[in-house]
Every structure is written in C-alpha cells, then in structure tokens.
Number of protein chains: 2
Amino acid sequence: MDAIAQEKTAESIATDLALAIHEHRLSPGAKLSEDEVGEIFGVSRTVVRAALQRLAHDRLVELKRNRGAFVAKPTVKEAREVFEARALLEPRTARSAAERTTEADMIRLRSHIAEEHAALHAGNPGRALFLSGLFHTEIARIANQATVEAFIVQLVARSSLIIALYWQRRNALCESHAHHALLDALKHHDGDRAEELMKHHLLDLLSSLDLRNSESAPRSLREALRH
Amino acid sequence: MDAIAQEKTAESIATDLALAIHEHRLSPGAKLSEDEVGEIFGVSRTVVRAALQRLAHDRLVELKRNRGAFVAKPTVKEAREVFEARALLEPRTARSAAERTTEADMIRLRSHIAEEHAALHAGNPGRALFLSGLFHTEIARIANQATVEAFIVQLVARSSLIIALYWQRRNALCESHAHHALLDALKHHDGDRAEELMKHHLLDLLSSLDLRNSESAPRSLREALRH
DNA sequence: GCGGACAAAATCGTATACAATAATGGCGAC
DNA sequence: GTCGCCATTATTGTATACGATTTTGTCCGC
C-alpha cells in the first residue's frame, strides 16, 4: 500500500520485507503471496521467490510446500533457543567491541539511541524496537567480527518476531537505560563491564517475555486444525 | 560424473553439493555452472539457482553477478572469524551436551568415530574430515539447541573450506584423540571437562592452520588480475 | 610481432507459460 | 439437515524463452 518502489533486486525486496517484519508492520503468520508481493514491487515472481527463500533461510518466514510463504511464528522453545544463542555470542562480542570502540563509533551509537528515543516519543514503537535491535548489531560491527555479526543480525531479527508474540509489559524505558549504560562502558573501553551489562541486558529482555505453558497449546486454535 | 540422481529437490541438490565441498571433492574457487549442475541432476536451472542461493547464504559458494557461482575461498580474516565464532559457541554447547548425553547419543558418537577411523585407513581423508565435522554438529544436536546447532553446522562447513585452503600438517591423529577425550567427558556428564576440552580442541585446530602473511597477497595471482 | 578494438559466444538475470498440488464451494446421498 | 465426495479455483513448482552482461577469440593496425 506504500509507494511503489522502483528498486527491483531480490536483495532490496528481502530487506524491505525484513524491515516490515522488524517494525511489526507484518505480523507473525501473515501470508506473503508471491503474486501480491511481486505486483507491489513491480517484479516477477522469480525474484520474489529468491527474496522469500532468503528470508526463509533467516527463519523470518516459513515456506510451506505448495502452500506459500508465511511470516514465521517462533515457538516458545525457539524463543528460548534464540536468547540462549544471543547469551553465548553477544556478551563476549560486547567485550571485544569495548576494546575497539572509536569516537566515530560512539557518535553513531549515540545517534541510534537518539533516533530510538525520537521514534518512541513520536508514537512509533515499531521503529523504536527496530532501532533498539540495530544497537546490538552495531556493537557486533564494532567488534569487527563479520561472521558473528551476521549471526547476531539474524538473532535480533528473530527476536523481533518473538517480542511480537510474547511481549508482556512495556518496559522500553528499562531497555534504553541498559543501552545507555553499555554506551558508557564502551566509551571507557571497559570490556569487563560491557560483557556483564550485555549479559544482564539479555536476561532482562528474556524475563520480560511471557514464555509460560504455551508448549502444548498452540497460540491460535485455527493452527491446531490446519495441521 | 557420478550416477545421475533421480532426486529433484533444491534441498537435495544443495546437500549433495555441500557434501562434495565438505569432502574436498570440490575445491575452493571451482565454478558451478547452472547449466552444468542442472544437467548433472536432471533439473532445470530454476531449481539449481535455488540450491546455489542457499549455499551462498551459508557462505559455501560465492555468487558473482553475471559471472556465476563459485565455491567460496575464505580469506585469512574470515578464517580467524569462523574459529572465533566457534570458540564462542562450541565450548559451552559441549558443556550443555555433556549434561544431557544419553546412551543412544554415545552409541551414535562412537559409530561416527569408528566411521571416521575406517575412512581414514581406507585412504579417504576427505570423508574422514567430513565425519570429523559431523562429530561437532552431533554434539550441538545433543545439547538440544537447534538454533545454535544451525550456526555450528554452518561454521563447520566453512571450516572445511578453510582447512582445504590453509591446512599445513597432517595431524589427524591428534584430532581423533581430542574427540575420544570429549567422548569420555560426555560419557561421565562432566560439563566442565567437556567445555575445556572443546575449547582447547578448537585452539589446536586453529593452530594447525597456516594463517600467516596472506593478508596482502592473494592466494592465486590470477585472482589479483580478475578483480 | 604485439596491442587494442570489435564481434561472436557463452552465461547469467528476468519474465512468462504450463503443470501439479492444495483449498474451496457445491452437489448429491443418506 | 448434515456429512462426504467431487469439480472448480487459486496458488505454488518447474521449465523454458528471451534479454543483458561478460568473456573470449579474432582481426586489423601499428
């Protein structure tokens, strides 16, 4: 429904769709028809399929044979696994980042936080959440570990889906505080503190989710009959 | 040149190609023509493209626009990053695995090691290397962390390419020893020891590579002119 | 004999057409 | 009236055709 973009590559379409998912403009379970997406972006189904396959590999969409592509609906187990993986990767990556942070990095991070605040006060929580995730990927970039960064990008994106499904309270303020504290640790090249802060930040994030007793019951009873 | 497989899915083709790369039957830099691959597997270029895109996402092949698909040639920096990521993920995953290892898991692991030995003595070092990698992914599977497991699968596959490029000495015996020690730690549910063993095993693996002074000079001088 | 430019060939990028499969609606039987 | 079966429809899976870009081989000029 937005402006019809003139960009045509599969990469850009995948990025646009990922952004829409990240900002919760596309909800978990939403169907992504090849014809529809292709018409929106003004391209053939061929390139749309490439984009969808890419997103499927990132676990942002689920491809069901002869059924189509749907925005993924992570289970509770997957949610725990994603945060387990983040707990393995991000704290020590934050430590590495702290040891390498430059003034240019600080400026970039501060601008991200400022944007996040602005989006939040402008009543755009989706964009604020996206920028909040970007903060994490930026830290991975500063650590100069492209391989780990790619993993974290993927995990942050999936976290966005998880938050869309299992978010329970709106303590975004707490998050901002954690990011500010991390920023300070990076500024002083305090690797120990950065690692510890990131570790607890992820635990806080996890504890803000409602991951109880959904293991047996599907989220929507429609899902139970469809299988 | 092998038997023409009747399987037709993009998934199976990607798996076959990944196995060939893993076993060093396809060398880094080898070109994967869409027409050629399609003819070998008896499918159209469409499905071959899907398979290649999947492998490209795993960084096993590199897609160059209007040039084609080539088996990836990880740089020294990428090699270090891959082992850095493995160092973050695998030791603690081995710890988790040790706490959950069942008798069935032990049987499976022992059979993998036996196969590895058999392949090595049968003069098939490529397959032995593949099975050696499978040992690591099996541990991730035992830890019951599908998300982390997917990352490790990817890292192990890329490690195979790295070994193909930077291997310097044939100390496969040492590896087998490390795997046996890990097996023992898992058997006794000794998480501390499993974590420590995995950590040092990865360091040994890394130190067995020749990652010196290739940062400025490309591996083949052809590569320098092609860019 | 060597270098550069042009032409021919090959390969990839995209769109479209057809086939296969699953969802939907209607019809008939009980 | 309700349940089950079958035809219709819609959507995806695959193949093929055409256009764009790159590569390579050849020819001419120097």
Side-chain angles (χ1 to χ4, degrees), chain A residues 4-17 26-27 29-73 218 220-227, chain B residues 4-17 26-27 29-73 218 220-227:
Chain A
I4 296 170
Q6 292 294 356
E7 13 176 352
K8 293 180 296 189
T9 70
E11 187 95 7
S12 70
I13 292 174
T15 303
D16 281 10
L17 288 175
L26 282 172
S27 299
K31 180 166 168 62
L32 300 174
S33 165
E34 294 181 355
D35 280 326
E36 193 172 355
V37 176
E39 197 161 355
I40 289 173
F41 287 95
V43 294
S44 163
R45 278 177 50 215
T46 306
V47 53
V48 173
R49 281 180 73 82
L52 291 176
Q53 281 170 12
R54 184 200 168 100
L55 292 173
H57 197 287
D58 285 340
R59 307 287 197 110
L60 258 59
V61 310
E62 194 174 350
L63 256 43
K64 301 187 181 180
R65 184 172 181 89
N66 287 317
R67 291 280 314 275
F70 303 82
V71 178
K73 304 174 82 169
S220 72
L221 62 159
R222 282 189 69 221
E223 219 64 20
L225 312 186
R226 296 254 162 185
H227 183 75
Chain B
I4 295 170
Q6 292 293 357
E7 14 176 354
K8 292 181 296 189
T9 70
E11 187 97 7
S12 70
I13 292 174
T15 302
D16 281 11
L17 288 175
L26 282 171
S27 299
K31 181 167 169 60
L32 300 173
S33 166
E34 294 181 355
D35 280 326
E36 193 173 355
V37 176
E39 196 162 355
I40 289 173
F41 288 93
V43 294
S44 163
R45 279 177 50 215
T46 306
V47 53
V48 174
R49 281 182 72 81
L52 291 176
Q53 281 170 12
R54 183 201 170 100
L55 293 173
H57 197 288
D58 286 341
R59 307 289 195 109
L60 258 59
V61 310
E62 193 175 352
L63 256 44
K64 302 187 181 180
R65 185 173 180 88
N66 286 318
R67 292 279 314 273
F70 302 83
V71 178
K73 303 174 81 168
S220 72
L221 63 158
R222 281 189 70 220
E223 220 64 20
L225 312 185
R226 296 255 162 184
H227 185 73

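Residue numbers begin at 1 in each chain, while the letters A, B, ... track the order of the sequences.
- Between the P atom of C/dT11 and the CD atom of B/Glu39 lies a distance of 11 Å, rounded to the nearest Å.
- Here the straight-line distance linking atom OG1 of A/Thr9 with atom CZ of B/Arg65 works out to 8.0 Å at 0.5 Å rounding.
- Taken to the nearest 0.5 Å, the CZ atom of A/Phe70 stands 8.5 Å off from the CD atom of A/Glu62.
- We find that CG of B/Leu52 is positioned 14 Å from P of C/dT11, with the value rounded to whole Å.
- B/Val61 and B/Leu52 get closest at one heavy-atom pair: CG2-O, 3.5 Å.
- Residues satisfying the side chain to side chain contact (heavy atoms under 4.5 Å, CB included) criterion with B/Ala72, sequence neighbours excluded, are B/Leu161.
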Per-nt protein contacts along nucleotides 12-17 of chain D (heavy atom under 4.0 Å; B base, S backbone sugar-phosphate only, - none) come out as BBBBBB
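- At a threshold of 4.5 Å between non-hydrogen side-chain atoms, the residues A/Arg49 and A/Glu34 count as touching.
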